Amino acid sequence: MFDKILIANRGEIACRIARTCRALGVRTVAVHSTADAAARHVALCDEAWPIGAAPARESYLDGARIIEVARRAGAEAIHPGYGFLAENAAFARACAEAGLVFIGPPPAAIEAMGSKQAAKAIMIEAGVPVVPGYHGDDQSPERLAAAAAEIGYPVLIKATAGGGGKGMRRVDAPADLAEALDAARREARSAFGDDRVLIEKYLLTPRHVEVQVFADSHGEVVHLFERDCSIQRRHQKVIEEAPAPGLDARARQHLGETAIAAARAIDYVGAGTVEFIMDAEGRCYFMEMNTRLQVEHPVTEAITGTDLVAWQLAVAAGEPLPRRQSELTIAGHAFEVRVYAEDPARDFMPATGTLHHLLTPPPDAHVRIDSGVRAGDTISVHYDPMIAKLIVHDRDRARALARLRQALEGFVVVGVSTNLGLLGRLAAHPAFAAAQLDTGFIEQHRDTLLAAPTAPDCRMLAAATLHQLLGVEREARARAADSSDPHSPWHATSGWRLNTDCHRTLHFIDPLRAETLTVVAHYRDDGFRLETPRETLAVDGQLDAEGHIRLRVDGVQREARVLQDGAELTVAMAGETRTLVIHNPLAAGMDDAHEENRLVAPMPGIVVAVHVRPGERVDEGDALLVLEAMKMETVIRASAAGVVETVHYGEGDQVAEGSELVVIGEPATA
Ligand code: ADP
Ligand code: ADP
Ligand code: MG
């Protein structure tokens, strides 16, 4: 075994590799870009070296620099993780030339599988079934069109150098081929510097089933069963599970043996995944082989009781495989979900920002969390937007799924949009529970999975309201405790005032629906009576310093968590998470008649459009300016007719809550 290795990666996979190294007593060298100087993977390794600027090309993809660091740090081997340099044969070769062990397959095996086209040729030779298609060198549009016609529509264009779903286009009719071909080539050229493509039969409602294989340098090859990764968005995995539901023992054995044959065909060593696409009749076709550890390897670890990173280190050190095929069995069922910083409602657009709060369910024998970030870290444009992986394991699929639903409830992210809501709905979907899996699942169930948000539950509004009222109370008590007269009526927090109704009015903006929700809280001896937009509730509760609220709503006790970041309150309750923005009408100049000609920002945001100029006449309700906050656009409208006197901000300016935006004067007479 090695004494010291360098981990040439970042994020969750770098942390995950460091964890096994620590368990094995192997010392670790982290590398990091300037953006990652304080990253979690840096903190988890024994030493950390800077390797360049934030863009991956200038740091994590700079193989020469990383090899230089490995030599200077005295590392014996380099683990590339996945992505970056993991499937780079030239890098694997350069490691060997520098006297370093590359913890991965031999360069020739990486090369053999690097091109989907060459890989298919090898597999056909080895007798492994492949999807019918054209994998030839003639890339002329005429030849490709003839091939597509022969295969029969729909067809799928794939970049031969492809990966991560890039450079792929489905084509349903001959008339659309030319345009799709151009688009696929453009994408492939910019992503892989290679615009060659192949054409395959597009299988309808297929499943993605892949087999984990492992080979040592003594000629032994085993498989560690399969994973089903059919729940995808944009041809990229979102949920993976092991074993694949509905596969019988014979089919499983056959698939495992086919994968082993594929690995043997290229003299494979180390961890690899053979990906198959399974048609509606259960026939499996080779799709590609990923010559690395896969993002979803933890589900295989869960059902086989193995540590695949430990296996990788052993094999790279020349040791035999820790277990033989006959010693590998499946125990229970496991799921992994990928928590991404992205916006499912906006076609899964990646999101960036600071993770103000990151709550994860407590790990235990059934729940594992692999994450590369902590609260306070930033999800930047430079790297993959995956925040964490949540892995659950239990006796059977139904129990594992119940664990998944429960664990997802304990996951709260504040600061960036995530796919957590979608994951929760997937985990609760009856068709998913019934294992009706295919790669079009999300698209097919779009209506329920990506439904427009409904108004927040009034219990969530109650929790947000209590957070505000009890928070004020706690502050007042703290002030009273410091003051000379703790019993002074001025410190009272019951809402009691001379000759006035004992109530407070709170306004919340629901940014998902661009709607203002008003709650009137009446103080009562035993708590509050809350008038919410739809219901009136009797509410009482306690708030602790961590934002936990134990609230009693109409006599029923419930738990909620409220996390505040500036004007934003994130409420997590009963498996749902919603963000509400505290709207201060005084700051917004809404309730104050004298202020109606001064328009101020209702929340912090960025000015994205200015529609008026000083001197311009406006009518009541005219759009003056558009503010973007919480990724939602809010239009600031004239509260009365008049003439614009001042516009304080321009496009792109950042504004604080309550800042004066526009001043409107009396309409000029005549
Ligand atoms: P897999 O096939 O292993 O399930 P995907 O194809 O969804 O995974 O994503 C793996 C690919 O995505 C990697 O090869 C890499 O290009 C990119 N990727 C994902 N996460 C990261 C990361 N944390 N660091 C670098 N690359 C990543
Ligand atoms: P990548 O290198 O991007 O991972 P793959 O060839 O592994 O590309 O395909 C990614 C995904 O695209 C698969 O998981 C599957 O959902 C879909 N896909 C690939 N080939 C086909 C096909 N012939 N028919 C239908 N869907 C396919
Ligand atoms: Mg793939």
Side-chain angles (χ1 to χ4, degrees), residues 82-83 86-88 110 112-124 128-135 144 147-148 150-172 180 183-184 187-188 190-192 194 196-213 226-241 244 255 259 262 271-297 336 338 348 384 386 437-444:
Y82 56 73
E87 290 172 285
N88 185 322
I110 300 177
M113 291 295 153
S115 151
K116 289 194 189 342
Q117 179 195 15
K120 285 194 165 153
I122 294 169
M123 291 305 131
I124 292 168
V128 175
V130 304
V131 184
Y134 172 76
H135 317 123
L144 294 173
E150 200 176 308
I151 296 161
Y153 287 85
V155 296
L156 185 65
I157 303 173
K158 276 189 193 177
T160 62
K166 292 205 186 73
M168 278 186 12
R169 283 288 183 291
R170 170 183 169 165
V171 191
D172 288 313
E187 209 168 290
S190 82
F192 316 111
D194 177 348
R196 281 172 301 164
V197 297
L198 57 85
I199 298 194
E200 281 180 8
K201 177 87 191 151
Y202 187 89
L203 303 181
L204 297 168
T205 64
R207 282 169 65 180
H208 175 120
V209 179
E210 59 182 34
V211 179
Q212 176 72 56
V213 293
E226 77 288 344
R227 300 183 280 257
D228 187 302
C229 315
S230 298
I231 305 298
Q232 305 183 343
R233 54 113 174 86
R234 294 217 222 121
H235 302 300
Q236 270 198 290
K237 300 155 187 167
V238 177
I239 303 188
E240 302 98 345
E241 58 181 294
L255 206 58
T273 295
V274 186
E275 295 189 334
F276 296 92
I277 191 152
M278 189 166 114
D279 70 13
E281 281 73 48
R283 283 184 295 255
C284 290
Y285 303 96
F286 171 83
M287 211 160 27
E288 65 165 344
M289 178 165 182
N290 291 324
T291 53
R292 56 174 158 92
L293 190 69
Q294 204 100 341
V295 175
E296 58 274 22
H297 73 278
E336 172 183 282
R338 301 186 188 190
F348 302 99
D384 194 86
M386 194 162 75
L437 307 171
D438 77 69
T439 59
F441 190 96
I442 292 179
E443 202 42 51
Q444 192 185 324

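Worth saying up front: this structure is predicted, and the values here are computed from it rather than measured. In listed order, ligands and their atoms are each counted from 1.
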With a 6.0 Å cut-off (strictly less than), is the heavy-atom count around CZ of R169, excluding the residue itself, greater than 12? yes

With a 6.0 Å cut-off (strictly less than), is the heavy-atom count around CD of E150, excluding the residue itself, greater than 12? no

Residue [X] vicinity, atoms of ligand 2 by number, heavy atom under 4.0 Å:
{"X": "E288", "result": "1 (P), 2 (O), 4 (O), 5 (P), 7 (O), 8 (O)"}
{"X": "G165", "result": "1 (P), 3 (O)"}
{"X": "I277", "result": "18 (N), 20 (N), 21 (C), 22 (C), 24 (N), 25 (C), 26 (N), 27 (C)"}
{"X": "K201", "result": "22 (C), 23 (N), 24 (N)"}
{"X": "K158", "result": "6 (O), 19 (C), 20 (N)"}
{"X": "K116", "result": "1 (P), 2 (O), 6 (O), 8 (O)"}
{"X": "G162", "result": "2 (O)"}
{"X": "H208", "result": "13 (C), 14 (O)"}

Got an N, O or S from E210 under 2.8 Å of the Mg ion (ligand 3)? no

Taking the non-hydrogen atoms of Q236, is any one of them nearer than 4.0 angstrom to ligand 2? no

Please state whether R170 comes within less than 4.0 angstrom of ligand 2, counting heavy atoms only. no

Any donor-acceptor N or O pair under 3.5 Å, side chains T273, R227: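 Note: T273 and R227 side chains meet the donor-acceptor criterion.
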
I'd like to check the side-chain hydrogen bond (donor to acceptor under 3.5 Å, both in side chains) partners of E226; sequence neighbours left out, ordered by chain and number. R252

Please find the pair of heavy atoms, one from [X] and one from [Y], that lie closest to each other, and give the distance.
{"X": "P206", "Y": "I277", "answer": "CB-CG1, 3.6 Å"}
{"X": "H208", "Y": "T439", "answer": "N-CG2, 4.1 Å"}
{"X": "R234", "Y": "F348", "answer": "NH2-O, 3.2 Å"}
{"X": "M168", "Y": "L156", "answer": "CE-CD2, 4.3 Å"}
{"X": "Q212", "Y": "G272", "answer": "NE2-O, 3.2 Å"}

Once rounded to 10°, what is the value of the angle centred on the Mg ion (ligand 3) between E288 OE2 and E275 OE1? 90°

Heteroatom proximity flag, K166 to ligand 2, N/O under 3.5 Å: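 No, no N or O pair falls under 3.5 Å.
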
Quick check: V131 and ligand 2, any N/O pair under 3.5 Å apart? no

Determine yes or no for a side-chain-to-main-chain donor-acceptor pair under 3.5 angstrom, with E240 supplying the side chain and C229 the backbone. no

Quick one: does Q117's side chain have a donor or acceptor within less than 3.5 Å of a partner on H135's backbone?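 Present.
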
With heavy atoms only and a cut-off of under 4.0 Å, state how [X] meets ligand 2: side chain, backbone, both or neither.
{"X": "N290", "value": "neither"}
{"X": "L156", "value": "side chain"}
{"X": "E275", "value": "side chain"}
{"X": "Q232", "value": "side chain"}

